[in-house]
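Everything on this sheet refers to the single structure shown next.
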There are 4 protein chains.
Amino acid sequence: MFFTIEPDNGLAIYDQIVRQVKFAVASGALAPGQLVPSLRELAGQLALNPNTVARAYRDLQAEGILDMVRGTGLEVSSKAPKACRLEREKLIRERLRSVLGEARQSQLAEDDLRTMFSEELTALAAASPSKSKNR
Amino acid sequence: MFFTIEPDNGLAIYDQIVRQVKFAVASGALAPGQLVPSLRELAGQLALNPNTVARAYRDLQAEGILDMVRGTGLEVSSKAPKACRLEREKLIRERLRSVLGEARQSQLAEDDLRTMFSEELTALAAASPSKSKNR
Amino acid sequence: MFFTIEPDNGLAIYDQIVRQVKFAVASGALAPGQLVPSLRELAGQLALNPNTVARAYRDLQAEGILDMVRGTGLEVSSKAPKACRLEREKLIRERLRSVLGEARQSQLAEDDLRTMFSEELTALAAASPSKSKNR
Amino acid sequence: MFFTIEPDNGLAIYDQIVRQVKFAVASGALAPGQLVPSLRELAGQLALNPNTVARAYRDLQAEGILDMVRGTGLEVSSKAPKACRLEREKLIRERLRSVLGEARQSQLAEDDLRTMFSEELTALAAASPSKSKNR
DNA sequence: GTGGTCTAGACCACC
DNA sequence: GTGGTCTAGACCACG
């Protein structure tokens with residue numbers, strides 16, 4: 001699959017999986033009815049403890065993003081895309097607001113912050129020319 | 001003092017103290033040679049256990065931000081301002097990079113991200129008119 | 001494990017643990033990649049509070065001697081042996097220098113000091129025939 | 001006076017004073033009946049809190065090394081020289097034994113330890129050519 | 001199971 | 001008064 005896990009980015013691993021599944025659904029990469037990778041498969045790919053993946057899938061089931069299909073696996077629910085599109089912006093905006101809040105509280109000048117933002121954005125685009133026009 | 005603790009913002013309390021002390025030094029609010037509040041004093045103000053404050057101050061000593069003056073307290077070291085200014089940028093840039101990385105990976109359009117950034121920035125400025133030119 | 005704690009030898013208990021871990025790594029008794037005893041295990045063996053062991057392990061992490069493996073424990077880092085060998089010499093040399101400095105300042109004759117050194121060394125060797133060639 | 005205080009050599013400041021007074025008596029630099037510097041004088045010279053010096057003098061009185069002479073100060077007792085000569089060796093030997101014990105326990109080779117001892121001894125002699133034959 | 005955090009409270013050394 | 005250490009025990013997140 002197309003997930004990438006970074007330990008030590010502050011987020012728990014299971015939470016990174018949860019977020020990325022939601023993002024994949026939001027972007028259409030995972031469509032309703034489609035099966036997500038099995039526990040063992042994903043755990044193997046990401047070199048994680050299956051329990052960790054299980055924890056993520058459990059949370060996703062609890063939120064109604066994934067539905068259990070007995071004997072088959074977990075599939076993306078029909079209501080997932082709408083929910084995930086809303087969720088995506090919320091999740092990212094939350095983290096962004098948190099960073100900005102800390103920056104302001106630290107008396108960092110707004111201009112420095114804008115500069116930092118631009119720098120990181122271009123650095124990111126350079127590192128992985130993912131999604132301007134082509135992809 | 002002028003510290004504010006938010007339990008459950010994801011960061012450990014002692015780490016919030018560490019960051020805020022660094023930020024205060026970076027902004028000049030705490031000058032070298034100045035004593036930080038005593039363990040018991042700060043613990044009292046923030047309604048924390050003295051051990052929690054001690055943990056934060058111990059970390060700051062280990063980083064060379066604070067120097068112990070026996071029987072007197074902990075004072076801001078002479079090398080602290082430079083170190084803290086660098087640290088402040090590093091801490092914020094790290095978190096910013098992490099958010100941006102997640103946003104990109106989530107296929108969020110760059111323009112949406114820029115918009116989000118601007119919105120949050122102005123929202124923040126409105127909420128607390130901290131530091132334009134006039135204040 | 002093979003640690004021994006002496007309360008009231010002037011060193012804090014957590015510091016004794018730190019030193020002994022470093023010494024164990026320096027001597028090869030603890031190899032990189034190997035897990036140190038868990039907090040609770042070591043605390044049980046030494047009849048200490050787990051927090052005390054945690055403090056020691058935390059310091060060792062901060063110095064890069066131990067790496068955390070989430071959900072598994074703490075392992076000796078790959079860079080630890082070199083660092084610990086240097087550290088061992090430094091720690092002992094520091095204490096030695098301090099004693100010698102005091103001796104000299106006390107006007108103790110250098111020859112008396114040499115005699116004292118030899119006496120203690122042989123007394124020590126007699127007490128625990130640790131490491132000549134044969135053992 | 002001829003005392004030197006090193007904070008952070010592991011010994012409490014008051015203890016360093018106690019030891020150095022004893023050493024001065026042992027070497028004859030302070031003779032029975034002679035007055036030691038007043039609290040304020042010594043505290044001023046060493047840039048210490050007078051309470052710290054008071055603590056040291058109090059301990060020395062308790063051991064019978066110093067006698068209070070009302071309205072005059074503290075003088076070296078008649079029994080001090082003999083006691084201090086015995087004490088000097090004991091104090092230094094204790095610390096030396098402690099270092100050696102740690103070195104052995106750390107698996108440091110005996111030869112390395114001997115080398116270290118010689119190095120530090122010559123370094124010390126070079127730093128302050130105090131007391132071979134001439135002084 | 002692992003380590004991490006926090007609280008509570010006691011005791012100590014030092015200034 | 002200051003910080004430092006240690007104990008005890010609870011709770012949490014993670015794997």
Side-chain angles (χ1 to χ4, degrees), chain A residues 5 7-8 10-17 39 43 46-56 59, chain B residues 5 7-8 10-17 35-43 46-58 60-61 66-75, chain C residues 5 7-8 10-17 35-43 46-61 66-75, chain D residues 5 7-8 10-17 43 46-56 59:
Chain A
I5 298 300
D8 311 328
L11 269 55
I13 293 174
Y14 80 86
D15 200 26
Q16 295 183 45
I17 299 175
L39 281 187
L46 301 177
L48 298 176
N49 186 314
N51 284 333
T52 307
V53 181
R55 163 72 188 273
D59 286 10
Chain B
I5 297 301
D8 310 327
L11 282 177
I13 293 175
Y14 80 84
D15 204 23
Q16 296 183 44
I17 299 175
L35 290 176
V36 293
S38 80
L39 285 186
R40 293 168 181 80
E41 187 185 343
L42 188 54
L46 301 178
L48 297 175
N49 187 297
N51 280 333
T52 305
V53 181
R55 165 73 188 273
Y57 281 0
R58 193 176 346 113
L60 287 163
Q61 277 183 83
L66 296 184
D67 286 335
M68 177 156 174
V69 185
R70 298 223 281 195
T72 303
L74 296 162
E75 67 173 28
Chain C
I5 297 301
D8 310 327
L11 281 177
I13 293 176
Y14 79 84
D15 204 23
Q16 296 183 44
I17 299 175
L35 290 176
V36 293
S38 80
L39 285 185
R40 294 168 182 79
E41 187 185 342
L42 188 54
L46 302 178
L48 298 174
N49 187 298
N51 279 334
T52 304
V53 181
R55 165 72 189 274
Y57 280 0
R58 192 177 343 113
D59 286 9
L60 287 163
Q61 277 184 81
L66 296 183
D67 285 334
M68 177 159 174
V69 185
R70 297 223 282 195
T72 301
L74 296 163
E75 67 174 29
Chain D
I5 298 299
D8 311 327
L11 270 54
I13 292 174
Y14 79 85
D15 200 26
Q16 296 183 45
I17 299 174
L46 302 177
L48 297 176
N49 187 313
N51 283 333
T52 307
V53 181
R55 163 71 188 273
D59 287 9

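Protein chains get the first letters and strands the later ones, always in sequence-line order, with residue 1 at the start of each. Computed from heavy atoms alone, side chains included, the values below leave out hydrogens, waters and symmetry copies.
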From CG of D:D59 across to C1' of E:dC14 the rounded distance in Å is 12 Å
Nearest-nucleotide check on DNA chain E, B:I13 vs C:M68; residue mapping nearer the 5' end is C:M68
Query raised in the report: Can you check side-chain contact (heavy atoms from CB on, under 4.5 Å) on A:I17 and A:L48, steps first, answer last?
Result: CA-CA 11 Å; A:I17 299 175; A:L48 298 176; 3.8 Å; yes
Comparing B:A12 with C:L74, nearest DNA chain E nucleotide closer to 5' gives the residue C:L74
5'-most to 3'-most nt of DNA chain F touching chain C (<4.0 Å, heavy-atom partner on protein side) reads F:dT5 to F:dG15
C:Y57 and C:L42 have their tightest heavy-atom pair at OH-CD2, 3.3 Å
Could you check whether any side-chain heavy atom of B:R70 comes within less than 4.5 Å of a side-chain heavy atom of D:I13, counting everything from C-beta outward?
yes
Look at all strands and tell whether C:Y57 reaches a base, only sugar-phosphate, or nothing, counting heavy atoms closer than 4.0 Å.
-> nothing
Pick base, sugar-phosphate or nothing for C:E75, based on heavy-atom distances below 4.0 Å to the nucleic acid. nothing
Every stem of 3 or more Watson-Crick or G-U pairs under 3.5 Å that DNA chain E joins, in order of first number, is E:1-14 with F:1-14
The correct set of residues in residues 47-55 of chain D placing a heavy atom under 4.0 Å from DNA chain E is D:N49, D:T52
When D:N51, D:T52, D:D59 are each screened for side chain to side chain contact (heavy atoms under 4.5 Å, CB included) with D:R55, the one that passes is D:D59
- Query: Got a donor-acceptor contact below 3.5 angstrom from the B:E75 side chain to the B:V69 backbone?
  - Reply: no
